[in-house]
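Written out below as structure tokens is the structure these notes cover.
Reminder, nothing fancy here: chain letters follow the sequence lines and each chain counts from 1. In what follows, every heavy atom counts, from backbone to side chain, and hydrogens, waters and symmetry copies are set aside.
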Amino acid sequence: MPERYDPATLEQKWQERWAADNLYRTGPADHRPKYYVLDFYPYPSGEGLSVGHCRNYVPTDVVARFYRMQGYNVLHPMGWDAFGLPTENQAIKTKTNPAVLTRRYAANYKRQMDLIGASYDWSREITSSEPDYYHWTQWIFLRLYDHWYDPRLDQARPISELEAELAEHGTARIGLPLTERPVSAAAWLAFGPLARQEFLKRFRLAYRGEATVNWDPVDKTVIANEEVGPDGKAWRSGALVERKVLKQWFFRITAYADRLDRDLATVDWPARIVTMQRNWIGTSSGAEVIFKTEQGDDLLVFTTRPDTLWGATFMVLAPEHPLVASVTAAAQREAVASYVAQAQAQRALAPAADAPEKEKTGVFTGGYAVNPVNGAQIPIWVADYVLMGYGTGAIMAVPAHDERDFAFALKFGLPIIPVIERPDQAAYSLLRVGTYAATLPALLREAGYSFTESEGQLTVSLTGPQASAYAALVQPHLSADGWTEVVGSGWLAIFPDTTVAFDSVAADQQICDHIRTALQVDALPSFMAYLVAEPAYRDIVFHAEMGTPIHSGPIDGLPGTEAVARTVAFLEERGLGKGRKNYKVRDWLISRQRYWGTPIPIIHTEDGLETLVADAELPITLPGVESYEPTATGESPLAKIEDWVQVALPDGRSGRRETDTMGTFACSSWYFMRFIDPRNPNMLANPEELAYWMPVDMYVGGAEHAVMHLLYARFWTKFLYDLGALPFFEPFQSLRNQGLILAPAKEVDGQIIVEKMSKSKNNIITPDEVVASHGADALRGYECFISDFETAVPWNVDGVPGVRRWLERVWRIVLGAEQERSQGAEASYSERQLQRLTHQTIIRVENDIRNFKFNTMIAALMEFTNGLYRARDAGLAGTPAWAEALKTLMLLAAPVAPHIAEELWARTGHGYSIHQQAWPVADANLAAEEEIEVVLQVNGKVRDKLTVPADADEEQLRTLAMANERVKSFIGERSIRKVIVVSGKLVNVVV
RNA sequence: GCCGAAGUGGCGGAAUGGCAGACGCGGCGGUCUCAAAAACCGUUGGGCUAAUCACCCGUGUGGGUUCGAAUCCCACCUUCGGCACCA
């Protein structure tokens with residue numbers, strides 16, 4: 001009997017040997033093809049790794065080992081995304097330096113990664129909280145600050161080039177949006193330094209703007225969104241969170257929005273991630289539109305839906321809008337003044353975060369503007385739901401297709417005219433009790449309309465195109481004082497004497513007059529106000545979707561996106577507006593009022609100017625201090641450290657350092673480049689090495705990073721590309737997301753409960769405990785085998801022993817085939833069959849690794865092992881096919897089970913190391929089947945199976961099928977309508 | 001609310017237009033053993049049945065496309081992930 005498989009001893013032995021030999025050290029660029037396989041940058045927490053994290057690290061390790069055996073130069077590094085809130089909070093709590101905590105946590109992660117046999121090149125380990133790393137985060141910040149985005153060249157350029165252009169031409173050639181105030185060359189030259197700084201802020205890719213933070217009034221600190229409960233109270237203090245506006249740093253990612261969207265076409269990523277990024281960026285073709293006031297002023301609005309312009313029935317100005325005074329008619333002056341004053345008073349009281357939507361308020365100015373597309377006079381209102389800081393501070397209101405405008409129009413009785421067809425074309429018509437003839441229901445049924453009846457009231461469902469036919473059918477059967485309408489699509493008001501299309505403000509008035517008379521009421525502000533009050537119509541009166549325009553003159557009937565383009569062209573031809581792409585994505589807020597982050601290399605001088613820290617002064621390091629407690633002012637703890645904050649500039653001026661630090665997304669936006677040349681003191685990374693190794697070939701991590709991290713990293717990569725620092729513009733060629741591993745399912749009161757692993761639930765399973773009981777190879781195998789790679793799945797404690805049993809079987813079949821035989825009957829298995837299985841398995845395993853099907857890769861290896869047992873019982877041990885099969889099994893198992901593979905390799909007399917061997921090459925001829933099973937179906941049901949030569953053609957299959965007794969009996973007397981033959985698969989006889 | 005996914009035996013899953021349930025866990029029966037464990041062999045979706053013959057049903061629910069649907073389309077239900085200061 002061979003020695004028992006003892007993972008604890010042999011795993012430790014080989015891990016020490018591999019480390020001593022630097023087996024996984026990656027050299028510089030060479031002649032070989034490269035493969036860069038990277039895990040998402042982990043944040044080392046005090047809790048260490050769970051088996052859930054290993055779902056990421058094991059598969060990438062399998063891939064790295066596989067590509068090494070394929071002859072690639074493989075880069076497989078690991079480092080630590082170490083700045084951030086959890087460590088800082090822990091530091092405050094335990095009064096320990098966060099750098100010390102980080103090193104402790106990272107060392108533990110590294111120990112665990114070694115424990116599971118991960119083949120990282122630790123000589124390239126990086127930590128983003130170390131000065132030699134964040135030096136280059138700061139370096140990139142300085143370049144962002146010093147560049148602007150030129151839309152004409154579609155790339156970043158030095159800000160000095162913008163200054164030169166401004167001095168010569170002003171903004172005339174830059175193509176500013178209409179909303180941006182232009183500046184002439186003379187005006188620019190007349191600007192003082194502060195005015196220039198303010199102006200350039202609008203262009204810089206890193207700039208200081210204003211943003212609202214969550215303010216905890218008890219702890220007197222800025223807190224993260226996740227530290228605010230759903231009730232708007234701070235987790236720690238329980239205080240009601242307030243909002244506070246601070247000056248903060250942003251990166252102008254919006255400048256790159258178009259390229260970030262466009263270049264998604266060049267990457268191999270899961271489709272859902274691409275879609276999520278596209279939705280996040282949210283490109284839409286909007287327009288700036290000029291409305292003329294009665295006084296002849298231009299009233300500029302921005303709209304994301306130019307296709308709805310014909311439905312703009314009023315305008316709304318923010319209370320602070322500069323034109324409020326001039327458009328207000330004398331009669332309304334007092335009302336407007338008092339509303340504006342009230343709105344301003346209210347704004348001073350910062351509303352709580354996510355306050356429930358309050359009732360709309362507003363006041364009519366008495367003034368009108370002209371809708372540029374149809375010349376309609378539309379009233380101008382003032383309301384506080386329009387914000388001066390957003391867009392132009394004025395909107396065109398399209399109440400039929402914008403929810404806020406809809407609510408506002410209903411409240412103030414303004415007309416609402418639908419101008420976009422519902423995509424589903426659904427419509428309802430309500431026939432009220434006593435308004436129609438008794439014969440009508442039968443007629444409707446006969447005509448094919450479906451309707452429901454309730455207490456004599458009929459609700460008919462139809463579609464827009466049926467509206468006029470429906471009107472013609474119903475009208476003669478309405479009682480003299482009755483009426484009905486088609487609502488949702490088709491839009492008609494049907495009276496006994498006339499049918500009115502609901503297509504304009506005039507029609508709205510006409511319909512209202514009719515209904516007023518019939519209902520004998522005095523006031524009915526709009527047809528829509530009447531419809532909304534009718535429960536049957538509640539869900540169909542309003543929609544905000546894209547669709548085909550109606551009641552919109554020249555764009556009627558055009559598909560949505562074309563309608564937008566046509567409208568923009570219409571406006572531009574007549575000088576009434578300008579197309580402008582609009583993005584949902586907002587600029588990236590980078591400031592954190594925290595200690596534990598990368599310092600921002602900016603100095604604020606006494607005269608109010610921002611000064612860059614010189615490259616030679618980098619890195620600006622964090623001061624070592626005792627206390628990381630936040631200040632009471634909202635500034636970061638750094639602000640209290642006077643000897644760090646105060647700086648004297650070489651020119652004699654004095655200044656204060658920026659005390660905000662960068663959020664950690666900055667660190668993780670370029671780390672994949674630092675791994676390529678991690679110790680370079682002179683530059684971010686050597687350009688030749690970058691050119692060889694980038695982009696990352698395979699990037700693997702959780703789908704929770706689908707949007708932000710990936711978008712930010714892509715943004716920085718494109719920026720560095722524009723600078724000429726990189727020869728590529730997409731950082732991650734292929735991306736895969738592993739599914740979450742949940743805690744083992746448990747049964748409570750008959751209910752199966754599955755939860756996330758978490759410390760608070762005390763249900764974390766660590767790799768340490770699994771390795772201790774079953775070994776790293778069994779853990780690795782089960783991580784692969786547990787489920788499809790991308791699927792979330794609960795851990796099953798019985799799964800690891802199953803994989804362990806497989807490893808035991810591999811151990812015994814390789815080392816002790818001759819000694820052991822099954823007691824069962826003599827098996828029949830040929831050498832040729834074994835050979836075929838060997839080569840089929842090579843193909844399967846290889847394809848599965850390439851396609852991230854690690855679960856079926858393990859299944860293939862298990863089937864191979866089962867086949868070897870059958871072959872042994874058939875007496876094949878010792879044959880050439882047997883020797884080839886065993887060698888192949890060890891090589892194919894090496895990526896997933898590196899320790900046992902290395903041990904067996906050594907014990908079977910092969911040279912160290914199996915991980916430096918070439919991957920076996922499959923022979924397609926040896927793998928080919930000679931005979932295949934073909935299914936015979938009658939009417940799609942399997943009735944028999946035939947074994948035929950693999951190369952049997954369609955005609956042979958058809959003949960065999962028609963001659964088959966079972967097929968004949970199922971056909972019986974019926975005649976054959978069709979015979980479908982799929983070579984190599986089946987014959988289906990249709991009767 | 002908005003955006004994005006996923007629903008298949010007792011359990012994890014395989015099959016992505018062509019034999020549903022590969023592989024493993026668990027269960028059942030057996031071999032070995034004084035016995036147990038381990039290991040090995042066999043069996044294991046449901047119904048009907050003397051039967052492991054045959055037949056019928058079966059991939060969240062309802063409809064559709066097709067000679068043929070777990071797979072494609074529509075609607076619904078349920079569950080999960082993200083939503084910009086956790087990373």
Could you check whether A:F40 gets within reach of a base, just the sugar-phosphate, or nothing at all, counting any heavy atom under 4.0 Å? nothing
In whole Å, I'd like the distance from the CG atom of A:D798 to the P atom of B:rG27. 9 Å
Atom-to-atom span, CZ of A:R804 to C1' of B:rC23 - whole angstrom: 20 Å
I want to verify a distance call: between B:rA87, B:rA84, B:rC25, whose nearest atom is closest to the A:L85 side chain? B:rA87
Could you tell me whether A:R592 contacts a base, only the sugar-phosphate backbone, or nothing, with contacts defined as non-hydrogen atoms closer than 4.0 Å? base
A:D788 and A:K853 ion-paired at < 4.0 Å: yes
Determine, for A:R404 against A:D402, whether the closest basic-nitrogen to carboxylate-oxygen distance falls under 4.0 angstrom. yes
Any Lys/Arg nitrogen of A:D261 or A:R278 sitting under 4.0 Å from an Asp/Glu carboxylate oxygen of the other? yes
Within this structure, what is the OH-to-C1' distance between A:Y41 and B:rA87, rounded to whole angstrom? 12 Å
When you check the gap from the basic side-chain N to the acidic O, do A:R272 and A:E790 get nearer than 4.0 Å? yes
Residue A:R943, side-chain atoms from C-beta onward, closest of B:rC56, B:rC67, B:rA39: B:rC56
Is any side-chain heavy atom of A:I126 closer than 4.5 Å to a side-chain heavy atom of A:Y671? yes
From the set B:rA84, B:rG24, B:rA15, return the single nucleotide nearest to any side-chain atom of A:R586. B:rA84
Minimum-distance nucleotide to A:D788 side chain [options: B:rG13, B:rC57, B:rC3]: B:rG13
For A:E808 and A:R272, find the nucleotide of RNA chain B closest to each by heavy atoms; which residue's nucleotide sits nearer the 5' end? A:R272
Looking only at the side chain of A:F785 (C-beta and beyond, no hydrogens), which of the listed nucleotides B:rG24, B:rA84, B:rG81 gets closest? B:rG24
Between the protein and nucleotides 17-19 of chain B, which nitrogen or oxygen pairs are less than 3.5 angstrom apart?
from   : atom 1 : to     : atom 2 : distance (Å)
B:rG18 : N2     : A:N988 : ND2    : 3.4
B:rC19 : O2     : A:K945 : NZ     : 2.5
B:rC19 : N3     : A:E933 : OE1    : 3.4
B:rC19 : N4     : A:E933 : OE1    : 3.4

Taking the side chain as every heavy atom from C-beta outward, state whether A:W670 and A:Y133 have any atom pair closer than 4.5 Å. yes
Between P of B:rC41 and CG of A:N866, the distance in whole Å: 8 Å
From CD of A:E47 across to P of B:rC86 the rounded distance in Å is 17 Å
Residue mapping more 5' on RNA chain B - nearest nucleotide basis, A:V803 or A:G84: A:V803
Identify whether any heavy atom of A:M862 sits under 4.0 Å from a base atom; if not, whether one sits that close to sugar-phosphate; answer base, sugar-phosphate or nothing. sugar-phosphate
Syn or anti conformation of B:rG7, syn meaning chi within 90° of 0: anti
Length of the CD-C1' vector between A:E635 and B:rC85, whole Å: 18 Å
What is the distance, to the nearest angstrom, from the NZ atom on A:K941 to the C1' atom on B:rG58? 12 Å
Kindly say whether A:R809 contributes a backbone atom to a donor-acceptor pair with the side chain of A:Y869 at under 3.5 angstrom? yes
N/O (side chain, A:N855) to phosphate O (OP1/OP2, B:rA14) under 4.0 Å: yes
Return yes if the base of B:rC3 and the side-chain atoms of A:Q277 contain a donor-acceptor N/O pair under 3.5 Å, otherwise no. no
Roughly, in whole Å, what's the span from CD in A:Q90 to P in B:rC86? 17 Å
Looking only at B:rC23, B:rC83, B:rG4, the nucleotide nearest the A:W280 side chain is B:rC83
I want to verify a distance call: between B:rC40, B:rA84, B:rG12, whose nearest atom is closest to the A:S787 side chain? B:rG12
Taking the six-membered ring for Trp and the single ring otherwise, decide whether the centroids of A:W269 and A:Y699 are under 6.0 Å apart. no
